[in-house]
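A quick write-up on the structure given underneath.
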Protein chains: 4
Amino acid sequence: MSGEPRFRRRKADRPAEIVAAALAVFAEKGFAAARLEEIARRAGVSKGALYLYFATKEELFRAVVGQAIAPNVLGLRDMFAQHPGPFRDLLRLVAERLTAAAGAPAFGGVAKMVIGEARNFPELARVWHDELAAQALDALAAAIAAAQARGEVRPGDPRAYALQIAAPLVMGVIWRETFVPVGAPSFDLAALAHQHVETLASGLLQETAR
Amino acid sequence: MSGEPRFRRRKADRPAEIVAAALAVFAEKGFAAARLEEIARRAGVSKGALYLYFATKEELFRAVVGQAIAPNVLGLRDMFAQHPGPFRDLLRLVAERLTAAAGAPAFGGVAKMVIGEARNFPELARVWHDELAAQALDALAAAIAAAQARGEVRPGDPRAYALQIAAPLVMGVIWRETFVPVGAPSFDLAALAHQHVETLASGLLQETAR
Amino acid sequence: MSGEPRFRRRKADRPAEIVAAALAVFAEKGFAAARLEEIARRAGVSKGALYLYFATKEELFRAVVGQAIAPNVLGLRDMFAQHPGPFRDLLRLVAERLTAAAGAPAFGGVAKMVIGEARNFPELARVWHDELAAQALDALAAAIAAAQARGEVRPGDPRAYALQIAAPLVMGVIWRETFVPVGAPSFDLAALAHQHVETLASGLLQETAR
Amino acid sequence: MSGEPRFRRRKADRPAEIVAAALAVFAEKGFAAARLEEIARRAGVSKGALYLYFATKEELFRAVVGQAIAPNVLGLRDMFAQHPGPFRDLLRLVAERLTAAAGAPAFGGVAKMVIGEARNFPELARVWHDELAAQALDALAAAIAAAQARGEVRPGDPRAYALQIAAPLVMGVIWRETFVPVGAPSFDLAALAHQHVETLASGLLQETAR
DNA sequence: TATGAATGAGTGTTCATTCAT
DNA sequence: AATGAATGAACACTCATTCAT
C-alpha cells in the first residue's frame, strides 16, 4: 500500500549506508585489506551495487574520508578563528573538542588508515591534510599568533605550538587503536586532556598571564 | 692474510640485505601492498632466495620490525633508567634522542607501518609495543616519578606526562611521513624539540625547581 | 509453460560440470599433477569460478570421489545383502555388476587416483574405503558367510573369498588404465568375468587332476 | 692414513644409496609429491650431488624402477618357464613367491607409484610392464597352456587364468598400502595365498552344490 | 536499480635445476 | 666429486571489477 515511499527512502539512503559500512571496514582493516564483499555485506547490498554509486574502491575510500571529515572540520576551524580570548579558555575548548572527536570510533580508525595508506594513495592524504589537518592546525596557529600579539603566549613558532597542543591527544587515540587491542593499558583521554592543558597553561603562557 | 672471502661475506650478509630492502618497501607501502618481488629486486636477489631466509612474508615483516627496533630501544630505556637528574637535563636528552631516532628514515616508515597494519597483524603491534613503545614510555614514566619524588616535577600521572613529552616529536615524524609527500610544509624537528622542552620546563616543573 | 530458464539451468549445472571436468583431469593426471587451469578450461569456466563452488583443490577432489562413488555403492551393497541364493547366481550377478562398473571410465581413473594419492591424502582413501570398498567387500563377505551357513560354500575366511572374487576384475581395470596406454594387450573384461565365475564355481583343475 | 679406500668405496656406493633413498620416498609419496631434497637428505648427500648421477628426477625414477624390478623378475619368470608340473605344485610356488615379493615393502609402494603415475610418465609404465608384469604374466600363461596341453587345467584363456591367479595377492598388497593406513583391517597375505590356491584347485562351491 | 555469477590479472609460495666455489 | 645458495618458472588461490539477467 504505502510501501513505495519507504522504498524510495531506502534507495536515497543507499550511498550513505554504503559509506558508513565502508568507513567501518576501512577503519578496521585499512584500505588494502578491506574487502569490498564485506563492505557490501555490512551495507546490506550486493557487491555489484557498490559500483552503481562508486566507480572504484579508491573512489569509495574518498567518499569515506570526505564524510568522516565534514562534520568535524568546520566547527573546529571556526572555533579557533573566532575565539576572542583569553587563550587559556581556548586551550580548554580545544582539549574538549579533541577529546570528543577522539571518542568517535571513526576518527581513530580513519586516522590510522590515512597514516598507513598515505604513500600508496597520496590523494587521500592530500584530502585529509587539506581539508582537516592543515585547516585545524593553521587555524589554531593563527589563534596562537593572535594570543602572542596580545601578550598572552610566549614567543615561539605558533605552528609548532599548535602541534604541541594537539599531539598528545592524537597520540592517545593512535595508542588506543594500535596497542590496546594487544593488551596495552589505555590512556584516559579526558584526564590526559585535562593534565595537558594544565601543563601547557603553566608553561606556555607568560608570567603576567598566569 | 687469507684470500678475500668475497662470496662468504655476501652469503653472511644476505639476510641483512634482504631485511634492509624489506624495511624500505614495507615502510613505503605497508605490509599488504608490499610486493615480495620488489623486495627481492631491491635486495638484488631472486624471489625464491627470500624463502631461504624467511619462511613467509610475515616472518620477514617480523625481522624488519625487530631490526628497526633493536638499535633504538636499549639506549633509550637505559638512559631514562639511569639518569640521576636534574630532570630538565633528562628532558633535553630525551628531545635529542627522539630527534635523532626520528631522523633515521626507518623509524617513521616502520612506525607508520605498524600503525597501519596493527589490526591485521596484531603480533607485530605486540612486538613493537612490548619491545619499544612500552619500554620507552614506562622507563620515562619511572624517571618522571622519581623526579616527582625529588620535588622536581609537579604532581600528576607520570605515564601521561611521558606521553605529553614524546607525542609532539612522534607526531612530527608521522606528519612528515604522511603529509609532506603531498605538499604539506614539514616541521623542523630539532627546533620543535627545543621549543617543546622549553614549554615543558616552564610548566611541568615546580616553582622551586625552576 | 514458463520461459526457458536457460541461464538458471546453467548456473545450477555448474558444480556438476566442474566435477565432471575435474574427474577427467584427476583420473588422467592424479591429484598433484592436475592443474586447476585445465579443469577450468575443460569445464568451460574461469579458474576463479572454481572457487565459487569449491574452497580448495582438495575439496574439489573430495567432490569428485564422492560423485564417482555415489552411483555405484548403494546398488552393489544392497544386491549382496538381499540376495537369497543360490550363491552361484550371486556370483554371476557380481561379475556382471563389476564388469559394468569397470566399464565406466570414471571407475578406473578414480581408483588409480585413490591408490596413487592415498598416502598423501589419507582422507580420500578413507572416504573411498568407508563408503565404497569396505561396504562392498563386507556385504559380499556377509553373503558368503550366509552361503556357508547354508552349506553352499566351502569353509574359509569369507572376507578373503570376497577379495578373491573381486580382485581379477579390479586388476583387469587397473591393467587397462596402467599398461594398455603403453601398448600392452587389454583383457576382455566380460570374458574374464565369465571365466572367473566358472573357475570359482568349479575350480581350475580338471576332475582327474584334483 | 688408510682413509682412501673407504672414501672410494663410499663414492662407488653413492648411486645405489641414492636409488635406495629415492625408492623409499617415491614409494611413500608417489612421483610428483616426492621432494628431491628429502631423497638427498635420506641418502646423506646434497641436493646438487643427485645431479652428478641422475640428469633429472625422471631419470632417477627410472633407476628406481629398474633396481626394484631386477631382483624379482628373472627368478619368477624362469620358475614359471622351467616348471615341469604337476601344475598344482606350481600354483603353490607362485603363491609363495608372490607372498614373499609382497612382503618386501618396496613392492607395494612402487606398484602404487607406477599405477598412480602411469599416465603422466608412460615410459615408466612401459618399463614396469615390459620387464616385470608382462614377463611374469606371459610366463605363467605359458605354463598354464602347457598344463592345459597335459590335460591338467581346464580349457580357457590362459592369460586370463594367470590374472585370476595373481590378482588377489596383488590386490591384497594394494589394499594394505592404500587402506590399512586409514584404519582398514589388513589381509593376512600368507593365509590368503593358501586359501586362494585351494580355491583355484577345487573351486569355491561344495561338491554337493556343483 | 539491483543482483551475484563470472572473470582474470596478480600474489605468495614451492621446488626441480643450475653453478660458483 | 661435492656443496648448497640461488634461480625462476609454475601453481593455488584472491579479489576488484564486469555484465547478463
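Throughout, protein chains are lettered first and strands after them, A, B, ... in sequence-line order, and every chain is numbered starting at 1. Predicted model only: the values in this text are computed from it and were never measured.
For K29(A) (side chain) and N120(B) (main-chain N/O), no donor-acceptor pair under 3.5 Å exists by modelled atom type. Without hydrogens or angle criteria, E117(D) side chain to A32(D) main chain gives a donor-acceptor distance under 3.5 Å. Proximity of a side-chain donor or acceptor of K57(C) to a complementary backbone N or O of F31(C) within less than 3.5 Å is detected. With hydrogens and angles disregarded, no donor-acceptor distance shorter than 3.5 Å links the side chain of K47(B) to the backbone of I39(B).
Summary of the strand contacts: L36(A) and R35(C) both lie near DNA chain F, and taking for each the nucleotide with the nearest heavy atom, the more 5' one is attributed to R35(C).
Remark: C1' of dG8(E) and OH of Y51(C) are 13 Å apart, rounded to the nearest angstrom. Spacing between atom CG of D13(B) and atom P of dA5(F) amounts to 15 Å, rounded to whole angstrom units. Atom CD in E37(D) sits about 13 Å away from atom C1' in dT3(F), given to the nearest Å. As a whole-Å value, the separation of E59(D) CD from dA16(E) P is 16 Å. Per the geometry, NZ belonging to K57(D) stands 8 Å off C1' belonging to dC15(E), to the nearest Å. Residue L52(B) contributes atom CG, which lies 13 Å from atom P of dG4(F) at whole-angstrom precision. Whole-Å rounding puts the L50(C) CG to dG8(E) P distance at 13 Å. Look at CZ on F54(B): it is 15 Å from C1' on dA5(F), rounded to the nearest Å.
Look at dA20(F): its Watson-Crick or wobble partner, with both distances under 3.5 angstrom, is dT3(E).
Checked against dA6(F), dA6(E), dT3(F), the side chain of S46(C) finds its nearest nucleotide in dA6(E). Nearest nucleotide to the side chain of K47(B), out of dG12(E), dT3(F), dA16(E): dG12(E).
Note on A34(C): only backbone sugar-phosphate atoms sit closer than 4.0 angstrom, heavy atoms only; bases stay farther off.
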